[in-house]
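Below is one structure, written out as structure tokens; the observations come after it.
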Amino acid sequence: MDSNLKGGKPIMPELAKLDATAQAALVAKGEVTALELVEAGISRIEQVNPKVNAVVSTFYDRACEAAKGKLPQGPFTGVPNLVKDLDNLKGTLATSGSRFLAQNISPETDPIIAGCEAAGFVMVGKSNTPEFGLLGTTESLLLGPCNNPWDVTRSPGGSSGGAAAAVASGMVPVAHATDGGGSIRIPASCCGVFGLKPSRGRIELGERQLPGDIGFQHCVSRSVRDSATLLDATERKGAAAVLPPVGKVEGPAKKRLKIAFATMDYKGKEPAPDVKAAIEDVAKLCASLGHEIVPARNPLDGEAFENAFLAAWASGPAELLGLVTQMGLKPEDVLEPWTLGLAELYNRMPKDTLAKSLGHFEKVTAETLAFMADYDVWLTPVLAAAPPKTGEQAPTVPFDTLYERVFNYVSYTPLHNVVGTPAMSVPLSWNAEGLPIGSQFAALPGQERVLLELAFELEQARPWAEKYPPVFAG
């Protein structure tokens with residue numbers, strides 16, 4: 001392979017189309033070195049990132065030094081990866097997309113990132129995120145908007161928008177991602193990549209937890225096998241396991257599934273026509289593969305759920321506002337209007353609102369698990385519409401307008417954060433404008449194997465790996 005960077009073109013451009021498993025295999029066979037993989041990844045970032053703004057800080061020297069040394073022998077040895085800028089890699093910038101933390105340096109490495117490094121990944125930079133991951137788009141005042149590689153005037157989703165845009169555009173084959181209300185699945189849908197949110201307890205998260213334990217960690221990827229392999233490498237095992245380990249998942253299962261199917265969201269609203277048509281088509285695809293499709297709707301009180309989720313979501317901004325005020329800083333100088341609006345909304349709520357909301361989460365969890373117990377998998381949209389134009393859900397949009405837009409758009413994913421169920425966005429559809437539309441499949445807690453085996457089958461039935469966006473490395 002030619003490893004010379006000439007005329008600003010990427011090194012070994014053919015690597016952009018290989019998933020992480022295939023790239024690591026080249027190192028294992030001695031066809032390339034880990035350093036060559038990393039340098040090729042860096043060259044792709046340098047080529048494409050000016051159009052996308054998915055990578056917001058880099059540590060190339062650190063990455064190259066690691067690649068020259070003795071890397072852990074794992075399934076992804078030498079493959080470049082990105083850390084979402086909500087998480088920590090010791091000694092690197094960690095802004096959480098906020099002017100408040102613009103100069104913050106991580107004192108330690110978070111468990112999931114350490115797990116990625118132990119699997120052989122080499123972290124080369126940080127991926128773009130909205131302020132504190134609080135929006136389903138990625139356009140913070142500090143880091144600037146991330147653009148969708150399928151249409152650079154559109155949002156890549158959020159809050160792992162930088163991660164998904166980087167993978168979709170071929171910068172890296174896999175990128176670390178987090179999910180507090182859909183933040184893996186939303187950008188996976190918007191960018192046409194695969195994204196699995198694991199079950200609660202599957203991955204070690206460390207000490208940082210969101211109210212109701214609604215935060216999750218994993219990745220976005222171009223292939224199902226990369227996501228499945230990383231889950232096997234990073235899930236808790238042995239005495240630390242909270243759930244029976246998933247282990248290696250390497251292909252489809254023979255068992256046919258009973259799939260609950262719904263296009264309405266938890267408030268009884270239908271998605272945009274192109275989304276509805278796409279999900280109905282995916283239901284037909286599943287039926288053609290021999291799975292049983294059963295129209296069904298969770299009996300959730302959507303309004304009560306939304307109010308409870310909002311309280312949990314807004315409690316963090318309220319704490320931030322208190323901290324900023326104690327430090328004598330002007331809140332509007334360091335926190336975005338959306339963050340401040342959430343904080344002010346929370347501070348107007350009765351003092352016992354969060355406790356009552358967490359109690360409501362328990363009720364919702366029991367109801368949802370009872371509903372899902374009759375099925376193997378539950379199929380819904382990921383989002384109510386295709387990726388919006390950049391700016392439509394920016395943190396500077398007037399609060400009441402933005403609130404309505406956000407909660408109408410992101411009305412399928414938060415439930416699975418509250419219940420702790422595994423859920424995935426599978427890139428099976430594109431609309432007439434060429435924009436991706438993901439399909440969300442969820443299963444009972446601990447049933448990631450069922451989802452991954454189904455994903456392998458869908459990937460074979462309707463391959464997406466060779467669909468490349470207009471902005472793509474190489």
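Values below: every heavy atom of this structure, side chains too, minus hydrogens, waters and symmetry copies.
Closest non-hydrogen pair, Ala114 versus Thr109, comes out as N-CG2, 3.7 Å. Considering every non-hydrogen atom in both Thr178 and Ser159, the closest pair reads OG1-OG, 4.4 Å. In plain terms, the two heavy atoms of Ser155 and Thr137 that are nearest each other are OG-OG1, 2.7 Å.
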Passes side chain to side chain contact (heavy atoms under 4.5 Å, CB included), Thr92 versus Val83? Steps please.
CA-CA 10 Å; Thr92 66; Val83 181; over 6 Å; no
Please lay out, stage by stage, how Lys237 and Asp232 fare under the test salt bridge (charged side-chain N to carboxylate O under 4.0 Å, His left out).
CA-CA 9 Å; Lys237 293 180 179 175; Asp232 177 43; 2.7 Å; yes
Quick one: do Asp226 and Ser221 satisfy side-chain hydrogen bond (donor to acceptor under 3.5 Å, both in side chains)? Show the steps, please.
CA-CA 7 Å; Asp226 281 355; Ser221 62; 5.6 Å; no
Please determine whether side-chain hydrogen bond (donor to acceptor under 3.5 Å, both in side chains) holds for the pair Lys269 and Asn408, giving the CA-CA distance in whole Å, both sets of side-chain angles, and the decisive distance to 0.1 Å.
CA-CA 9 Å; Lys269 293 183 178 180; Asn408 285 337; 3.3 Å; yes
The test is side-chain hydrogen bond (donor to acceptor under 3.5 Å, both in side chains); show your working for Asp110 and Gln217 and say whether it passes.
CA-CA 11 Å; Asp110 287 338; Gln217 303 249 3; 5.4 Å; no
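A salt bridge is defined here as a Lys NZ or Arg NE, NH1 or NH2 lying under 4.0 Å from an Asp or Glu carboxylate O, and Asp281 with Arg462 meets this definition. A salt bridge is absent between Glu117 and Lys90; no separation between the charged side-chain nitrogens and carboxylate oxygens falls under 4.0 Å.
Within 6.0 Å of atom CD in Gln103, 12 or fewer heavy atoms from other residues, nucleotides or ligands are found, so the atom counts as exposed in its surroundings. Heavy-atom neighbours of Glu280 CD from other residues, nucleotides or ligands within 6.0 Å: above the threshold of 12. The 12-atom threshold is not exceeded at CD of Glu404, counting heavy atoms of other residues, nucleotides or ligands nearer than 6.0 Å.
Between the Ser106 side chain and the Asn88 main chain, no donor and acceptor come within less than 3.5 Å of each other. Asn49 places a side-chain N or O within 3.5 Å of a backbone atom of Ala54 that can act as its donor or acceptor partner. A distance-only check finds no donor-acceptor pair linking the side chain of Asp265 to the backbone of Pro271 [under 3.5 Å]. Judged by distance alone, with hydrogens and angles left aside, the side-chain atoms of Asn53 form a donor-acceptor pair with the main-chain N or O of Pro145 at under 3.5 Å. Counting only distance, with no hydrogens or angles, the side chain of Tyr346 and the backbone of Gly316 share no donor-acceptor pair below 3.5 Å. Within the 3.5 Å criterion, the main-chain N or O of Lys51 finds a donor-acceptor partner in the side chain of Asn147. Under a 3.5 Å cut-off, the side chain of Ser199 and the backbone N or O of Thr421 do not form any donor-acceptor pair. Under the 3.5 Å distance criterion, the side-chain polar atoms of Ser315 are matched with a main-chain donor or acceptor of Ala312. No side-chain donor-acceptor contact under 3.5 Å links Arg185 to the backbone of Val382. A distance-only check finds a donor-acceptor pair linking the side chain of Trp150 to the backbone of Cys191 [under 3.5 Å].
Looking at Leu89 and Arg62, their side chains come closer than 4.5 Å, going by heavy atoms from C-beta outward. Contact annotation: the side chain of Phe216 never approaches that of Leu205 to less than 4.5 Å [non-hydrogen atoms, C-beta and beyond]. In this structure, the side chains of His360 and Val364 come closer than 4.5 Å at one or more pairs of heavy atoms. Looking at Cys116 and Met123, their side chains come closer than 4.5 Å, going by heavy atoms from C-beta outward. Here the side chains of Trp464 and Val224 are in contact, with some heavy-atom distance below 4.5 Å. Side chains of Val220 and Phe194 form no contact here, defined as non-hydrogen atoms less than 4.5 Å apart. Under the 4.5 Å side-chain criterion, counting only non-hydrogen atoms from C-beta, Phe305 is in contact with Pro414. In this structure, the side chains of Phe132 and Leu101 come closer than 4.5 Å at one or more pairs of heavy atoms.
Using cut-offs of 30° and 60° for the angle between ring planes, the Trp338 and Tyr403 rings count as tilted. Note on ring orientation: taking the six-membered ring where Trp is involved, the planes of Trp378 and Phe371 are perpendicular (angle over 60°, cut-offs 30° and 60°). Under the 30°/60° scheme for interplanar angles, the aromatic rings of Tyr468 and Phe472 are found to be tilted.
For residues 341-356, every residue pair satisfying the salt bridge (charged side-chain N to carboxylate O under 4.0 Å, His left out) rule, not counting sequence neighbours, is listed here: Asp352-Lys356. Annotation: salt bridge (charged side-chain N to carboxylate O under 4.0 Å, His left out) contacts involving residues 124-133, sequence neighbours excluded, comprise Asp85-Lys126.
Atom CG in Leu383 sits 9.0 Å away from atom OH in Tyr412 (nearest 0.5 Å).
Side-chain contact of Glu46 with Tyr60: a donor-acceptor pair under 3.5 Å is present, judged by distance alone.
Checked against Gln440 for a side-chain contact (heavy atoms from CB on, under 4.5 Å), the options Ile186, Ile279, Thr380 give a single hit: Thr380.
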